[in-house]
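First up is the structure itself, then whatever we jot down about it.
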Amino acid sequence: MLRPRIIPCLLVQDGGLVKTVEFKNPKYVGDPINAVKIFNEKEADELVVLDIDATAKDKEPDYRMIANLAYECRMPLCYGGGVKTAEQAKKIIGLGVEKVAISSAAVEDPSLISRVADEVGRQSVVVIIDVKKKSGLFSKGYEVFIRNGTQSRKEELFELALRMQAAGAGEIVLNSIDRDGQMKGYDLELATKMRKELKVPLTVLGGAGSHGDIQQLIGECGVVGCSAGSLFVFKGPYRAVLINYPNPIQRDEICRAGLLINSQR
């Protein structure tokens, strides 16, 4: 039976583990390999690792780092950052990674998704869509961004997500720029709308600050990927660095309570 996934998302920059707020001001929080080892011990459902500079600076994926992460990781691993070709994706999968995440390159050229899916299988293709809520009294909807939130696009969000799905994406990650690092909860309204539109799995990233936020997301969307960064690397009001993850009993209770709420909607 399918169940919700609770997924730590690690950001790397220059080989180090960092955390951002609204995609800005990366703060060094440790060594990614050490974080992977801790998540292994805590039996995380899955792990996402994103190189936040690779695409913005037109860098090749760091294959040595990816290989080291894959060697240590004992859970399904998704890597994203700098992937622009099907050949790169195939090489990354060959290193032991289960999924390859594409963002900017997929938005700029949706046919890339089909080429990657042909090489590695649709189940291994993840498309990340970075979005920001439009500001202003008369502004509605969401704006799509690429290249680590530095370039705005004119695509309508839901139409774009459906194009990504049609092109061969096996999963869509909806990443909220304005909630990144805020730890004030997911954008539940947006997540619910996107879940209704898609046929492929959806993962939501950006805003989680507690296990209750994850439960709320499951309550709204049902079986969904619940991803978070700050929640799993910080602890307490002063954001002391502490890698953490719900234990198996907590995880089962979060999912069970959320699915119960969802079934009663």
Side-chain angles (χ1 to χ4, degrees), residues 1-10 39 43-50 73 75-81 83 89 92-93 97-103 105-107 110 112-114 116-131 142 144 157-176 179 186-208 213-229 231-232 245-246 251-252 254-256 258-263 265:
M1 178 181 175
L2 292 176
R3 72 168 182 83
R5 295 164 293 140
I6 300 176
I7 309 166
C9 178
L10 303 180
F39 286 124
E43 300 179 356
D45 291 332
E46 188 175 327
L47 187 65
V48 174
V49 176
L50 304 176
C73 199
M75 71 215 83
L77 174 63
C78 174
Y79 167 82
V83 180
I92 291 168
I93 293 294
V97 174
E98 279 75 19
K99 299 178 184 178
V100 175
I102 314 169
S103 183
V107 175
L112 172 63
I113 304 170
S114 301
V116 174
D118 287 343
E119 283 288 350
V120 303
R122 181 172 187 150
Q123 76 284 347
S124 294
V125 182
V126 176
V127 173
I128 300 177
I129 304 177
D130 298 328
V131 301
Y142 294 82
V144 175
L157 171 59
F158 295 97
E159 292 178 358
L160 175 64
L162 291 174
R163 285 204 302 275
M164 302 294 100
Q165 176 180 264
E171 179 179 347
I172 300 292
V173 174
L174 188 61
N175 190 11
S176 174
R179 291 183 182 249
Y186 293 105
D187 187 333
L188 297 177
E189 181 180 0
L190 175 60
T192 303
K193 289 180 180 178
M194 186 62 76
R195 176 65 276 165
K196 291 178 180 177
E197 292 285 341
L198 295 175
K199 295 180 180 178
V200 297
L202 170 68
T203 291
V204 183
L205 174 61
D213 290 333
I214 295 175
Q215 182 177 304
Q216 278 190 307
L217 178 61
I218 297 169
E220 292 290 334
C221 297
V223 176
V224 67
C226 311
S227 193
L231 175 62
F232 298 133
Y245 187 81
R251 183 173 52 197
D252 289 345
I254 291 167
C255 294
R256 184 166 48 248
L259 290 173
L260 178 61
I261 294 169
N262 183 259
S263 68
R265 293 180 60 82

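The minimum heavy-atom distance between L50 and C9, with the atom names listed, is CD1-SG, 3.8 Å. In plain terms, the two heavy atoms of C226 and I218 that are nearest each other are SG-CG1, 3.6 Å. Scanning all heavy atoms of the two residues, the minimum distance from V224 to L202 falls at CG2-O, 3.0 Å. When every heavy atom of G222 is checked against every heavy atom of P4, the shortest pair comes out as O-CG, 3.9 Å. Nearest approach of V125 to G168, heavy atoms of both residues: CB-O, 4.2 Å. The shortest non-hydrogen separation linking V97 to K99 is CG1-O, 3.0 Å.
Residues L231 and I214 form a side-chain contact, since some pair of their non-hydrogen atoms from C-beta on lies under 4.5 Å apart. The side-chain heavy atoms of R3 and D45, taken from C-beta on, include a pair separated by under 4.5 Å. Put simply, the side chain of V173 does not reach to within 4.5 Å of the side chain of S227, judged on heavy atoms. Residues R5 and P201 meet the side-chain proximity criterion, which asks for heavy atoms closer than 4.5 Å. The shortest side-chain heavy-atom distance between L112 and I102 falls under the 4.5 Å cut-off. With a 4.5 Å cut-off on side-chain heavy atoms, R122 and V200 count as touching.
With rounding to the nearest 0.5 Å, the separation of CG in L157 from CG in D130 is 11.0 Å. Distance CG/L160 to CE/M164: 4.5 Å, rounded to 0.5 Å. A distance of 7.0 Å separates CD1 in I172 from CD in Q165, rounded to the nearest 0.5 Å. Here the straight-line distance linking atom OG of S124 with atom CD1 of I92 works out to 11.5 Å at 0.5 Å rounding. Here CG of N262 is found 10.0 Å from CG of L217. Values are rounded to the nearest 0.5 Å. For the atom pair CG (L47) and CE (M75), the distance works out to 5.5 Å, reported to the nearest 0.5 Å.
Side chain of E98 to main chain of L77: a donor-acceptor pair is present (N/O by atom type, distance under 3.5 Å, no hydrogens or angles). Using a distance-only test at 3.5 Å, with no hydrogens or angles considered, a donor-acceptor pair links the side chain of R195 to the main chain of L198. Panel note: side chain Y245, backbone I6; a donor-acceptor pair is recorded below 3.5 Å. For R179 (side chain) and Y186 (main-chain N/O), a donor-acceptor pair under 3.5 Å exists by modelled atom type. In this structure, Y79 contributes its side chain and G81 its backbone to a donor-acceptor pair below 3.5 Å.
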- Item | Steps toward side-chain contact (heavy atoms from CB on, under 4.5 Å) verdict (I261, Q215) | CA-CA 9 Å; I261 294 169; Q215 182 177 304; 4.0 Å; yes
- Message: What verdict does the side-chain contact (heavy atoms from CB on, under 4.5 Å) test give for V204 and L188, after you've listed the backbone C-alpha separation in whole Å, the side-chain angles of each residue and the deciding distance to 0.1 Å?
- Response: CA-CA 9 Å; V204 183; L188 297 177; over 6 Å; no
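For the side chain to side chain contact (heavy atoms under 4.5 Å, CB included) with L174, the lone residue among I128, L205, V127, V131 that qualifies is V131.
Remark: K193 does not engage E197 in a salt bridge, criterion side-chain N to carboxylate O under 4.0 Å.
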